[in-house]
Number of protein chains: 2
Amino acid sequence: MARLPVYLQLLSEQFDAGVSNISSEEIAELAAVNAAKVRKDLSYLGSYGTRGVGYEVEFLIFQIKRELGLTHDWHVVIVGAGNLGQALAGYGGFGERGFPVGGIVDVADDKVGSLIGGVRVRHIDDLQHIVQSQNVAIGVIATPGPAAQDAADALVAAGVTSILNFAPTIISAPHGISIRKVDLAVELQILSYHEQRRANARQSTALKAVPGASGRGASA
Amino acid sequence: MARLPVYLQLLSEQFDAGVSNISSEEIAELAAVNAAKVRKDLSYLGSYGTRGVGYEVEFLIFQIKRELGLTHDWHVVIVGAGNLGQALAGYGGFGERGFPVGGIVDVADDKVGSLIGGVRVRHIDDLQHIVQSQNVAIGVIATPGPAAQDAADALVAAGVTSILNFAPTIISAPHGISIRKVDLAVELQILSYHEQRRANARQSTALKAVPGASGRGASA
DNA sequence: CCCGGCTTGTGAATCCGTGCACAAGGGACC
DNA sequence: GGTCCCTTGTGCACGGATTCACAAGCCGGG
Ligand SMILES: NC(=O)c1ccc[n+]([C@@H]2O[C@H](COP(=O)([O-])OP(=O)(O)OC[C@H]3O[C@@H](n4cnc5c(N)ncnc54)[C@H](O)[C@@H]3O)[C@@H](O)[C@H]2O)c1
Ligand SMILES: NC(=O)c1ccc[n+]([C@@H]2O[C@H](COP(=O)([O-])OP(=O)(O)OC[C@H]3O[C@@H](n4cnc5c(N)ncnc54)[C@H](O)[C@@H]3O)[C@@H](O)[C@H]2O)c1
């Protein structure tokens, strides 16, 4: 389930805040979901709650981590040392959450060799060596859209089996490779869709009073 | 539907490549989804296809844009001018896709005043002025996790009605405000979940042959 | 003008995720 | 030891999304 990481995040926060026991109701509140859903999700891990009491936070964290495969670190390699690649590589939260940057590669000669967040940018030809020497399983694509498929192919050829793609391109990979895509523009467009629906709703209600006047006018 | 932006993206690419007509089958191929789903999604916009021929790319792009509310630009304001905020503000693809950066704000005095991607960083106290003078409807949160809720409150107070949150924190807002969250760690954890399942599967099959030996050992 | 082939649009069956409601069970207090 | 209260775990019903399959419809060629 895609909600487990969210639970993990908030449980970790609660644990740091000194909370040792928590009910499904409280988790639901913090995760902004239904309490029954929380219990269903957690029961999927096994019956680790105590009726009448709730869940032991520390134990639950461990169980979720086990389920997600977070019992050890997963090294990550970033392809593309541009704007985004640098932000990602320089972002400390990566390693803190169990995903240290094992390497970052690029094709551009002026990028190769520079130091980002303590990691040196290498040429993409070194990808296979990096992946295999560091036992990297996850690759992150931060190249321009047209290069994304090439990057994916290179990652797969190097032995990576999971890919996180930030480029606005749908990439394909052999069966057995996990791919996830994060597309900024898609997120914004979904928001604008809702904005537009709200604007339309306002307009329809106002229409009866003043036909022709638009709600939130978007004048230049 | 959350798939419309994906269709839009790939249709735009096809249009640029000179394709003027396209079938649901081809769209499905490019979007990596079922063809019937594509037709259902598109029929939701109205009956804009021609039986026996397919869809006219340009017209379809226009219809999807209309549905998504992309007939005009939506200005965006970024809260937090750190690592990520700077990458976002400096990213040209934002404006190209109809979401120009209308402003970027921060609390830190050493950030305020600097120029990023042609936009000057302003103090968060100016948020309301920026939002209202530029008619901004969408806010992007790029602050550290603990400050995310404050940022959201400030955005809502300033009049923003949609929020895209990059911080690993669940934020709450009044009813009627759209919120979307993009959490890097969650994406990586989902990938690691699949990795781990693959590793387990390998281990189970190997177990019969060599009990005790682990598949992809994560030593040190 | 008619016919055959191709693609859309959509009814219907199905599947999956969600949420309700409640029985089962554990703990604390008496 | 008993009882009461609180919370978990889950059977069940519901709704939306997905997929199949096919009739309807358009176009080009004969
Ligand atoms: N910058 C952002 O905030 C942001 C936000 C969302 C999405 N994106 C997406 O992320 C991707 C990268 O954005 P960016 O702003 O960092 O772009 P960028 O142009 O700054 O960086 C791209 C980097 O990729 C390298 N590159 C090009 N082809 C390559 C290849 N075949 N193999 C390896 N490296 C290659 C380039 O040398 C460059 O360094 C784009 O697809 C963009 O749409 C960026
Ligand atoms: N950098 C990345 O690649 C990356 C990737 C994924 C997620 N994130 C998330 O994005 C957020 C920002 O990451 P970052 O690397 O840019 O961090 P950062 O520390 O570089 O930048 C945070 C910025 O927010 C500002 N800030 C703090 N409190 C604020 C407030 N109340 N109002 C306005 N501004 C405030 C700070 O002054 C700072 O400039 C974090 O939550 C992080 O988890 C970052």
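Here is the naming used below: chain letters follow the sequence lines, and residue numbers restart at 1 for every chain.
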Next item on the list: Round to a whole Å and report the spacing from CD1 of B/I22 to C1' of C/dC6.
Entry: 16 Å
Next item on the list: Compute whether any side-chain donor of one residue and acceptor of the other, for B/T71 and B/R66, lie under 3.5 angstrom apart.
Entry: no
Notebook entry, point to check: A/Y44 has an atom OH; how far is it from atom P of C/dC16, in whole Å?
Noted result: 13 Å
Check: Between which nucleotides of DNA chain D, read 5' to 3', does contact with chain A run, using atoms under 4.0 Å from its heavy atoms?
Finding: D/dC6 to D/dC12
Notebook entry, point to check: What is the distance, rounded to the nearest whole Å, between atom NZ of A/K37 and atom P of C/dC16?
Noted result: 17 Å
Margin query: Check the phosphate of C/dT7 against B/Y48, side-chain N and O only, distance under 4.0 Å to OP1 or OP2. Yes or no?
Written below: no
Margin query: Taking atom NZ as the centre, does B/K181 end up with more than 12 heavy-atom neighbours from other residues, nucleotides or ligands that are less than 6.0 angstrom away?
Written below: yes
Margin query: It should be established whether B/T50 places a side-chain nitrogen or oxygen under 4.0 Å from OP1 or OP2 of nucleotide C/dT8.
Written below: no
Next item on the list: Tell me which of A/K40 and A/V53 sits closer to the 5' end of DNA chain D, going by the nucleotide each one is nearest to.
Entry: A/V53
Next item on the list: Report the distance from atom CG of B/L42 to atom P of C/dT7, rounded to the nearest whole Å.
Entry: 15 Å
Next item on the list: For C/dT10, take OP1 and OP2 only and decide whether either is under 4.0 Å from a side-chain N or O of B/R51.
Entry: no
Check: Counting only heavy atoms not in B/E13, do more than 12 sit closer than 6.0 Å to its CD atom?
Finding: yes
Next item on the list: Please report, rounded to the nearest Å, how far the P atom of C/dC16 is from the CG atom of A/D41.
Entry: 16 Å
Check: Would you say the side chains of B/S178 and A/R198 form a donor-acceptor pair under 3.5 Å?
Finding: yes
Check: Do the side-chain N and O atoms of A/Q9 and A/R97 include a donor-acceptor pair separated by under 3.5 angstrom?
Finding: yes
Notebook entry, point to check: Rounded to the Å, how far apart are B/I27 CD1 and C/dT8 C1'?
Noted result: 11 Å
Margin query: Could you check whether A/Q63 and A/E67, counting side-chain N and O atoms only, form a donor-acceptor pair closer than 3.5 Å?
Written below: no
